[in-house]
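Comments concern the structure below.
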Amino acid sequence: MVDSTRLISITANLGDTKTTITHPATTTHARITQAERDAAGIGDGLLRVAVGLEDVEDLQQDLLTGLST
């Protein structure tokens, strides 16, 4: 899903005006154990989206494209 988005930036970096998407289990929380991630509610299917300043309809379409692949 993450690799299929085109407008949304695939990054673990925050603080930008662009919308970003991350997969915490393999990026920001990859160094902790699976048990610790489970206890924190960080499952393998969790994605984090930080919404930026792009048009909401463009973002919706990009997410729908990603989800449909």
Side-chain angles (χ1 to χ4, degrees):
M1 188 278 176
V2 173
D3 291 335
S4 297
T5 60
R6 296 292 172 243
L7 176 66
I8 301 170
S9 297
I10 303 167
T11 183
N13 189 16
L14 303 176
D16 198 344
T17 60
K18 292 178 59 177
T19 298
T20 60
I21 189 168
T22 58
H23 182 244
T26 58
T27 57
T28 56
H29 292 76
R31 293 185 180 188
I32 63 175
T33 67
Q34 181 69 48
E36 291 170 316
R37 286 194 302 274
D38 291 343
I42 302 169
D44 289 340
L46 178 70
L47 295 175
R48 179 170 192 248
V49 177
V51 178
L53 301 177
E54 298 89 353
D55 183 79
V56 68
E57 291 174 1
D58 291 340
L59 293 173
Q60 289 172 333
Q61 185 57 51
D62 204 28
L63 288 169
L64 287 172
T65 298
L67 289 169
S68 69
T69 58

**Residues forming a side chain to side chain contact (heavy atoms under 4.5 Å, CB included) with D55, sequence neighbours excluded** = E57, D58
**Request:** List for me each residue that meets side chain to side chain contact (heavy atoms under 4.5 Å, CB included) alongside S68, sequence neighbours excluded, and say none if there are none.
**Result:** none
**Prompt:** How is the hydrophobic cluster of L53 composed, in terms of its other members, when Ile, Leu, Val, Met, Phe, Trp and Tyr link through side-chain heavy atoms under 4.5 Å apart, directly or indirectly?
**Reply:** none
**Spacing of NE2 belonging to H23 relative to CD1 belonging to I42, to within rounding of 0.5 Å** = 10.5 Å
**Prompt:** Which value, rounded to the nearest 0.5 Å, describes the distance between R48 atom CZ and T28 atom OG1?
**Reply:** 8.0 Å
How would you list, by chain and number, every residue that makes a side-chain hydrogen bond (donor to acceptor under 3.5 Å, both in side chains) with [X], sequence neighbours excluded?
X	value
D44	none
T69	S4
Q34	R37, D38

Same cluster or not: [X] versus [Y], using hydrophobic residues (I, L, V, M, F, W, Y) connected whenever any side-chain heavy atoms lie under 4.5 Å apart?
X	Y	result
L46	V49	no
L47	L64	no
V56	L63	no

How close do [X] and [Y] get, heavy atom to heavy atom, and via which atoms?
X	Y	value
H29	I32	O-CG1, 3.2 Å
A25	G43	CB-O, 4.2 Å
I8	T5	O-OG1, 3.6 Å

**Asked** Would a 4.5 Å heavy-atom cut-off, applied to side chains only, mark L7 and T19 as touching?
**Response** no
**Asked** Side chains of T17 and E54: does their closest heavy-atom pair fall under 4.5 Å?
**Response** no
